[in-house]
Amino acid sequence: MFQIKKICCIGAGYVGGPTCSVIASMCPEITVTVVDVNESRIKAWNSETLPIYEPGLNEVVMSCRGRNLFFSTDIDSAIKEADLVFISVNTPTKTYGMGKGRAADLKFIEACARRIVEVSDGYKIVTEKSTVPVRAAESIRRIFDANTKPSLSLQVLSNPEFLAEGTAVKDLKDPDRVLIGGDETPEGQRAISALCAVYEHWVPKSRIITTNTWSSELSKLAANAFLAQRISSINSISALCESTGADVEEVARAVGTDQRIGSKFLKASVGFGGSCFQKDVLNLVYLCEALSLPEVASYWQQVIDMNEYQRKRFACRIIDCLFNTVTGKKIALLGFSFKKDTGDTRESSSIYISKYLMDEGAKLHIYDPKVLKEQIIQDLSQPSISGDNPERVSDLVTVSSDPYEACGSAHALVICTEWDMFKELNYEKIYHKMLKPAFIFDGRRVLDHLHPQLQNLGFQLTQFNAVCSA
């Protein structure tokens, strides 16, 4: 069996960096090199301050960096020396042309494929790590076949990542499953076996699933679509709860105890975010449309529509409770990352809630324990959020380094990310610093256990299944 001794990962982002760091940690005899064109990102991976925040990641990187884990901008050398090349580059939703707003943009995948075939010799296994549309591997293979040379033999595999940000290291070390797809030819099966052998250093064989390439690619999209669907489902029920007096938490608990359904991803909130859910569902919608399955496309589009509805509904709730106007009012927005324990803001609900409030002229004071000021300003200045008036961000947005500072003289406190620290804040201190009546809008229901205390202090509370209450 072919033995993998050197791995190159193209892309030092949220998937490539943590994944290859854990592989290096678990496979000390394999040399792992993560490469990227972004010099500042590679410098950060080689520094004491990593470019992404993930619990436990720093310890993993420091334990093997410089030993069998390396970060470099020398892409060609890493490709040439590798037995296995992971493609782990960004596959954003297209913002132009055919498929705009739905289809995945594969320009970085194509660029990687062309670079690999240009500089490679001998036998190599090329593996998709990025989330890609079904049959992307076929596109990679066609590029390889069209540029083949006698000294080169390349096998293409699909090995999608199922890690969740905030628990990525745990997910990588103890995965529910590892999925590997490849050709059903002897050469394809040989490549699959070689990659399986890497994971078998720490993953039980029973958790390693092998399929054909197309099944592997579609399984990733389907998994994220199912998870997003559950969130949109419970969020739709939260709207019904508000109109009937039911408690969405109690409904979720009752539904989740059914073993056929389970309790995970039944937490009503301001909606899902992150780099994968929306992108993958939209990708699935586009795929269904391209295959003339309009009813299926419409079904999955509703998952996205419900997510957008929930975000807008929350923003409208804030405006309604603040006497139908937030113009010129200071609002403290706590949490900007799309979930706790990560600094990632991609498709964060906080961005869209901020947009709706800025559209009404609100003065936002934003605090997040891990997201940098520059990232917040960049996210709110993009054309889809600020339109043709990016200058309004400097007029309406202040990024605070302290939650108490953000809340000073504010009309309302809005929780958009479920950071644990928000449960421990001194709300008596905050109440005295805010204008009265002082409102709390808990978009993540992290303060449910504090409701009696907060009401005794005098806060006006609102959540996803209750009216404004004193």
Side-chain angles (χ1 to χ4, degrees), residues 53-55 164-167 231 235 238 248-249 252 267-274 310-311 314-315 317-318 321-322 330-345 348-354 357 362-373 375-376 379-380 397-435 437-466 468-469:
Y53 172 73
E54 195 67 46
E165 290 183 44
T167 58
I231 296 172
N235 281 343
S238 74
V248 71
E249 289 287 297
K267 182 78 172 177
S269 69
V270 287
F272 58 77
Q310 188 77 341
R311 292 164 168 171
F314 185 61
R317 197 66 181 279
I318 295 170
C321 287
L322 291 179
K330 178 179 177 179
I331 296 177
L333 195 149
L334 301 187
F336 201 79
S337 59
F338 83 91
K339 62 187 288 190
K340 71 174 184 176
D341 294 334
T342 180
D344 193 354
T345 63
S348 173
S349 291
S350 301
I351 297 173
Y352 297 92
I353 292 166
S354 296
L357 294 176
K363 297 274 190 176
L364 302 182
H365 286 245
I366 301 172
Y367 169 79
D368 189 282
K370 291 298 178 182
V371 181
L372 298 176
K373 174 182 178 179
Q375 185 65 54
I376 294 173
D379 288 338
L380 296 180
V397 176
T398 301
V399 180
S400 299
S401 58
D402 178 80
Y404 298 101
E405 174 190 306
C407 295
S409 301
H411 290 260
L413 182 165
V414 180
I415 297 179
C416 288
T417 309
E418 69 279 22
W419 286 101
D420 290 336
M421 69 172 294
F422 297 154
K423 302 175 185 178
E424 310 297 332
L425 294 176
N426 184 337
Y427 284 97
E428 182 176 2
K429 177 180 178 181
I430 289 174
Y431 179 77
H432 290 301
K433 290 167 69 75
M434 293 176 66
L435 297 183
F439 291 87
I440 292 180
F441 299 90
D442 185 1
R444 296 290 180 179
R445 295 197 62 155
V446 297
L447 302 181
D448 281 9
H449 65 296
L450 294 177
H451 277 195
Q453 174 189 335
L454 296 172
Q455 289 173 335
N456 287 337
L457 287 172
F459 278 110
Q460 305 282 314
L461 301 174
T462 187
Q463 56 192 25
F464 268 123
N465 66 317
C468 301
S469 59

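Proximity of a side-chain donor or acceptor of S349 to a complementary backbone N or O of V270 within less than 3.5 Å is detected. R311 places a side-chain N or O within donor-acceptor distance of the main-chain N or O of F272, the cut-off being under 3.5 Å. Using modelled atom types, no side-chain atom of Y367 and backbone atom of C407 make a donor-acceptor pair closer than 3.5 Å. Remark: side-chain polar atoms of S348 are paired, donor with acceptor, to backbone N or O of F336 under 3.5 angstrom. For N235 (side chain) and S269 (main-chain N/O), a donor-acceptor pair under 3.5 Å exists by modelled atom type. A donor-acceptor pair under 3.5 Å links the side-chain atoms of K339 to the main chain of E165, judged by distance alone. Of the possible polar contacts, none joining the S400 side chain to the E405 backbone as a donor-acceptor pair under 3.5 Å is found. Of the possible donor and acceptor atoms, none in the side chain of Q460 sits under 3.5 Å from a partner among the backbone N and O of A438. A donor-acceptor pair is defined here as one N or O able to donate and one able to accept, closer than 3.5 Å; no such pair exists between the side chain of K363 and the backbone of T398.
The side-chain heavy atoms of M421 and P369, taken from C-beta on, include a pair separated by under 4.5 Å. Between S354 and L333, the closest side-chain pair of non-hydrogen atoms falls below 4.5 Å.
Q310 and S238 are linked by a side-chain donor-acceptor pair at a separation below 3.5 angstrom, with hydrogens and angles left out of the test.
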Set out, in order, the CA-CA distance, both residues' side-chain angles and the distance that settles side chain to side chain contact (heavy atoms under 4.5 Å, CB included) for L322 and I331, then state yes or no. CA-CA 10 Å; L322 291 179; I331 296 177; 4.1 Å; yes
For a side chain to side chain contact (heavy atoms under 4.5 Å, CB included) check, start with the C-alpha distance between W419 and D368, then their side-chain angles and the critical distance, and finish with the verdict. CA-CA 9 Å; W419 286 101; D368 189 282; 3.1 Å; yes
What do the steps show when you test I353 against C416 for side chain to side chain contact (heavy atoms under 4.5 Å, CB included), and what is the final call? CA-CA 9 Å; I353 292 166; C416 288; 3.9 Å; yes
Hey, mind stepping through D442 and L461 against side chain to side chain contact (heavy atoms under 4.5 Å, CB included) and telling me if it holds? CA-CA 8 Å; D442 185 1; L461 301 174; over 6 Å; no
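Distance check: L447 CG to I440 CD1 gives 6.0 Å after rounding to the nearest 0.5 Å. Atom NZ of residue K429 and atom CG of residue L457 lie 14.5 Å apart, to the nearest 0.5 angstrom.
Aromatic ring orientation, F441 versus F314: perpendicular (interplanar angle above 60°, classes split at 30° and 60°).
Remark: D420 pairs with K340, K423 by the side-chain contact (heavy atoms from CB on, under 4.5 Å) rule, at least two apart or across chains. Qualifying ring-ring contact (aromatic ring centres under 6.0 Å, His included) partners for Y431, counting only residues two or more places apart in sequence or in other chains: F459. Here F338 pairs with nothing under the ring-ring contact (aromatic ring centres under 6.0 Å, His included) rule; sequence neighbours left out.
The minimum heavy-atom distance between I351 and T345, with the atom names listed, is CD1-O, 3.3 Å. Of all heavy-atom pairs between V371 and G343, the closest is CG2-O, 3.7 Å. Closest of all the heavy-atom pairs between T342 and G166 is CB-N, 4.4 Å. Considering every non-hydrogen atom in both T417 and S350, the closest pair reads OG1-OG, 4.0 Å. Taking all atoms of both residues into account, the shortest heavy-atom contact from R445 to K267 is O-NZ, 4.0 Å. Considering all non-hydrogen atoms of both residues, R444 and G271 come closest at NH2-O, 3.5 Å.
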